[in-house]
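For reference, the structure discussed in these notes is given below.
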Amino acid sequence: MLAGCLPASSPESGQNIWRFAIEEPAGSVQDAYAQEFRRRIEAQSNGRIEVRVYPYGTLGTSDQTTELVAMGAIDLATASPGHLGKLIPEVQALLLHFIFTGDEATNSIALNDDELLALLSALYEEKGFRLLSILSEGWMAWTTKRPLRTLEDFQGLKMRVMTSPLLLAAYAAYGAAPTPLPYGEVYGALQLNMIDAQVNPLFAIEEMSFYEVTDYLVFAHQAPFVTTVTTSSKFYAQLTPADRALLDDTVAGLVPYIDQVQRQYNAERLDVIRERKPGLNISTFPDAERERLREASRVTRDRFLELAPRKGEAVLQALEAAVTRARAATTTRSE
Ligand code: 6CS
């Protein structure tokens with residue numbers, strides 16, 4: 001039904017239309033990515049290729065836009081592991097808490113590690129997708145209706161999570177009551193007290209107004225928000241070698257761009273949140289309690305291996321090795 005609403009491309013005119021759906025509204029980090037992607041592709045192709053960006057809500061939820069890519073109704077989409085994990089369980093390694101370092105630059109290097117990309121790319125291919133890029137959109141923070149200072153405070157906390165099963169395990173490990181919901185339903189669920197808390201990067205907390213319906217904003221740097229950029233294997237295969245190179249070069253060039261954008265957006269939006277809601281209680285999870293969370297989170301790795309029995313172990317090892325390599329690279333660089 002949705003596919004039928006999309007205007008047809010007109011290859012006979014020599015112009016291609018690349019349709020790109022994102023999981024976030026206009027003004028978000030993914031929107032900045034898609035808009036810059038559009039500018040670069042249109043400029044480099046001298047207008048031969050037109051990129052149309054579809055923000056969250058125009059074509060459906062994250063699951064629905066991923067499906068539209070698979071069907072060939074659209075060409076590109078952001079597909080976050082937090083939702084895509086239902087289809088490609090191994091990608092949920094990117095959702096594990098305390099797997100990355102505390103340094104965003106190091107984590108960005110790890111996410112672009114060749115071995116990790118190769119392993120995940122093969123798994124995307126099995127499902128008919130081409131993995132184009134893996135990106136961080138910044139640290140996730142919790143916004144809650146009740147204080148969150150100790151591991152015990154998670155007991156029974158109805159935490160909204162994205163829809164991948166690993167996230168249920170991640171919060172159950174802390175004693176919380178995780179509740180999966182699509183992005184567009186989170187504000188209403190908080191407002192109606194159906195959930196007590198949610199977790200997202202600051203730019204999202206601001207633009208989705210989650211701070212309006214919660215009283216505490218808590219940082220623990222437990223995990224960055226990671227997304228992936230995808231197309232279908234079929235779309236990628238039918239591109240001319242020149243257009244394939246244009247696509248590959250453009251997504252590679254956008255890695256440092258989006259890293260800078262996400263840092264800027266997250267810093268600026270925190271200021272906006274502070275200004276709009278001076279009464280919001282902002283805190284950092286105490287170090288000793290963070291260590292207890294880290295300990296409690298270990299069982300989630302076992303659950304990950306159960307959820308991804310085939311290649312989960314290989315992906316987890318590749319991710320850990322990528323983080324180790326990235327840490328060594330940044331340490332050497334700063335010496
Ligand atoms: O929480 C979510 O569901 C969403 N959060 C962000 C920051 N991007 C897309 C995702 O679907």
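Both ligands and their constituent atoms are indexed starting at 1 by order of listing.
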Short list, please: which atoms of ligand 1 are under 4.0 Å from a heavy atom of Pro201? 7 (C)
Donor + acceptor pair across side chains of Tyr124, Arg130 (<3.5 Å): no
Nearest protein heavy-atom contact for atom 8 (N) of ligand 1: which residue, which atom, what distance? Glu24 OE2, 2.6 Å
Relative to the ring of Phe37, is the ring of Phe20 parallel (under 30°), tilted (30 to 60°) or perpendicular (over 60°)? perpendicular
Looking at atom 5 (N) of ligand 1, what's its closest protein heavy atom, distance included? Asn200 OD1, 2.9 Å
How far is atom 11 (O) of ligand 1 from the closest protein heavy atom, and which atom is that? His83 NE2, 3.1 Å
Could you check atom 1 (O) of ligand 1 against the protein and tell me its nearest heavy-atom contact, residue, atom and distance included? Arg160 NH1, 2.7 Å
Ligand-side contact atoms (ligand 1) for residue partner Met162, heavy atom cut-off under 4.0 Å: 1 (O), 2 (C), 3 (O)
Side chain proximity check, Arg160 to Phe210, heavy atoms < 4.5 angstrom: no
Is the ring centre of Trp18 less than 6.0 Å from the ring centre of Phe235? yes
For atom 10 (C) of ligand 1, find the nearest protein heavy atom and state the residue, atom name and distance (0.1 Å precision). Phe225 CZ, 3.7 Å
For atom 2 (C) of ligand 1, the protein heavy atom that lies nearest, with its residue and separation: Tyr183 CD1, 3.2 Å
Under 4.5 Å between side-chain heavy atoms, hopping through other hydrophobics if needed: is there a path connecting Met159 to Ile205? no
Please find out if less than 6.0 Å separates the ring center of Tyr183 from that of Tyr56. yes
